[in-house]
Number of protein chains: 2
Amino acid sequence: MFQRFTDSDIQKLGKRYKTNLINSISGFKSLQLVGTLSENGEPNLAVFNSIFHLGANPPLIGMVIRPEGNDHSTLKNIIATEFYTLNNVTESFYKQAHQTSARYLSGESEFEKCNLNEHYVGDFKAPFVAQSSIKIGLALRQLLPVELNGTTIVIGEIQLIEIDDSLLAEDGFIDLSMAGSLTVAGLDAYYSTSPLSRLTYAKPGTEPQELPKIIQH
Amino acid sequence: MFQRFTDSDIQKLGKRYKTNLINSISGFKSLQLVGTLSENGEPNLAVFNSIFHLGANPPLIGMVIRPEGNDHSTLKNIIATEFYTLNNVTESFYKQAHQTSARYLSGESEFEKCNLNEHYVGDFKAPFVAQSSIKIGLALRQLLPVELNGTTIVIGEIQLIEIDDSLLAEDGFIDLSMAGSLTVAGLDAYYSTSPLSRLTYAKPGTEPQELPKIIQH
């Protein structure tokens, strides 16, 4: 049976119910560990899931940062150093990734506490996660404050990509399922994925076709 | 073997390769059909995947709209009517959802051309997709222009939710996998999902536990 929530129904919901409902309803989300360094060079790692593709040219990724909690250290570090990393999360360490959201004391490294390894590339000023199969280094380009709820949208430009050869298709596509990337719904629900197909560019009057596997890898 | 792309490597990539690479690297995305009405009441439906949770209180969802192509009609309609819908996409109609990205002529309805059915709820001024198992009605709250690449971030507040009872857990969580929601990577790659687990709230000094299934449903 269908359940309908109107805006006044939603306003009346308990805080926790509402948080779970609204966090899960927008659909599957990108799951990434965000690595930063403080001004003093202390590493920080935090799990994020409000990350979105903003554009390919220039290569931009957006990320929503809440005003309070662990997000705050990440934002402070990004503002101080102007660099950060995104690292995908796979089944073999998703519980460790989740654990980075615990409120560790200032000076405690989530890498150490959660048994994840720092990985540095050249002089890039932020730590990557050694365990991740897709590593992205970004430079801060813009902070967009959202007055409606006090969040900040951080926009970064991709400066560095490290990825296993075997995950890259001939046309540049990365098979995230083969990379073992998980997706997340709500605050705490983790999912693996299975590919259905890649579809051809849509044109009026024709039906989309499945791309041959050879183009997929 | 690991492949490394620096920023100058990325700049030199061919346009199509770069588009595929950058669109897929940010991780799995929310797949939604966006329903709108024009000023004259003509329905429009377009598939989007740069959709993100912005906050639960008030319940806000963000969506990136590119300056050109089909996105333009959606944005024009949202500005004109201030209302729009998000509708999840399942395996039984994902090819039809993909087909909505074909450039149909003005006056042609993607609902009709792609064999998807309009569904209206009360006097809500935008069409839902009858086939979708999770339907969300939104009111426009803010347009954030992104000067870095000419895109617009549309922020909407949830006004209406229609969902099958069986998908709602006791604590408000929606199991998107049970709902049949697909996720998308890049421009054209569709995936189904399988649940691993929901994890308990993370605290220092303890390991996250899997929530019992009874809380999951």
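Chain letters run A, B, ... following the sequence lines, proteins first and then strands; every chain starts at 1.
Looking at B:L176, both its backbone and its side chain come within 4.5 Å of chain A, counting heavy atoms on both sides. Interface remark: B:I136 contributes side-chain atoms only to the contact with chain A (heavy atom separation under 4.5 Å). When heavy atoms are compared at a cutoff of 4.5 Å, A:V146 approaches chain B solely by way of its side chain, counted from C-beta outward. At a 4.5 Å heavy-atom cutoff, the contact between A:S181 and chain B is made by backbone and side-chain atoms alike. When heavy atoms are compared at a cutoff of 4.5 Å, A:S8 does not approach chain B at all. Of the two parts of B:I25, the backbone and the side chain both hold a non-hydrogen atom closer than 4.5 Å to a non-hydrogen atom of chain A. For B:I155, the part lying near chain A is the side chain, with the backbone staying farther off; criterion is any non-hydrogen pair under 4.5 Å. B:L199 touches chain A through backbone and side chain together, each having a heavy atom under 4.5 Å away. Proximity to chain B is limited to the side chain of A:Q32, based on heavy atoms less than 4.5 angstrom apart. If you measure heavy-atom distances from B:S133 to chain A, the contacts under 4.5 Å come from the backbone alone. Contact annotation for B:I51: only side-chain heavy atoms (C-beta onward) come within less than 4.5 Å of a heavy atom of chain A. Both the backbone and the side chain of B:S194 come within contact range of chain A, each with at least one heavy atom under 4.5 Å from a heavy atom of that chain. For A:I163, the parts sitting under 4.5 Å from any heavy atom of chain B are the backbone and the side chain alike. Proximity to chain A (any heavy atom under 4.5 Å) is shown, for B:L105, by neither the backbone nor the side chain. The contact between A:I10 and chain B is made entirely by side chain atoms (from C-beta outward), counting heavy-atom distances below 4.5 Å.
Proximity of a side-chain donor or acceptor of B:H98 to a complementary backbone N or O of A:T200 within less than 3.5 Å is detected. A donor-acceptor contact shorter than 3.5 Å is absent between the side chain of A:N23 and the backbone of B:A56.
By the 4.5 Å heavy-atom criterion applied to side chains, B:R16 and A:D171 are counted as neighbours. The shortest side-chain heavy-atom distance between B:V64 and A:F52 falls under the 4.5 Å cut-off. Here the side chains of B:F2 and A:K135 are in contact, with some heavy-atom distance below 4.5 Å. Between B:D188 and A:L211 the shortest side-chain heavy-atom distance falls below 4.5 Å. For the pair B:D164 and A:Q3, the minimum side-chain heavy-atom distance is 4.5 Å or more. Contact check for B:I161 versus A:L21: side-chain heavy atoms found under the 4.5 Å cut-off. Using a 4.5 Å cut-off on side-chain heavy atoms (C-beta onward), A:L160 and B:D7 make no contact. For the pair A:Y191 and B:L196, the minimum side-chain heavy-atom distance is 4.5 Å or more.
Contact count versus chain A (heavy atoms, under 4.5 Å) is highest, among B:Q159, B:E207, B:K29, for B:Q159. Of the listed residues (B:G186, B:P208, B:S26, B:S192), the greatest number of heavy-atom pairs within a distance under 4.5 Å of chain A belongs to B:S192. When A:K113, A:R141, A:E162, A:E108 are compared by the number of non-hydrogen pairs under 4.5 Å with chain B, A:E162 comes out ahead. Comparing B:A185, B:S177, B:G122 by how many heavy-atom pairs each has under 4.5 Å with chain A, the most go to B:S177.
Closest of all the heavy-atom pairs between A:A189 and B:F173 is CB-CZ, 3.3 Å. Smallest separation of non-hydrogen atoms from A:S30 and B:G27: OG-CA, 3.6 Å. Across A:G205 and B:Q99, no two heavy atoms sit closer than the pair N-NE2, 4.4 Å. Summarising the geometry of A:F28 relative to B:T193, their closest heavy-atom pair is CZ-OG1, 3.2 Å, with the distance given to 0.1 Å. Nearest approach of A:S24 to B:G172, heavy atoms of both residues: OG-O, 4.2 Å. B:L148 and A:L60 get closest at one heavy-atom pair: CB-CD1, 3.8 Å.
Contacts of residues 83-96 of chain B with chain A at a heavy-atom distance below 4.5 Å involve B:E91, B:Y94, B:K95, listed in sequence order.
Distance CD/B:Q11 to CD1/A:I158: 12.0 Å, rounded to 0.5 Å. Put simply, CG on B:D165 and CZ on A:R4 are 12.5 Å apart, with the number rounded to the nearest 0.5 Å. Summarising the geometry, atom CD belonging to A:E157 is positioned 9.5 Å from atom CD1 belonging to B:I22; distances are rounded to the nearest 0.5 Å.
Inspection of the B:N57 and A:K15 side chains reveals no N or O donor paired with an N or O acceptor under 3.5 Å.
Atom NZ of B:K125 sits in a sparse spot, with 12 or fewer heavy atoms from other residues, nucleotides or ligands closer than 6.0 Å.
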Derivation and outcome, side-chain contact (heavy atoms from CB on, under 4.5 Å), residues A:F124 and B:T6: CA-CA 11 Å; A:F124 192 82; B:T6 64; over 6 Å; no
Test side-chain contact (heavy atoms from CB on, under 4.5 Å) applied to B:N20 and A:R198, step by step: CA-CA 12 Å; B:N20 283 320; A:R198 294 184 67 190; 3.9 Å; yes
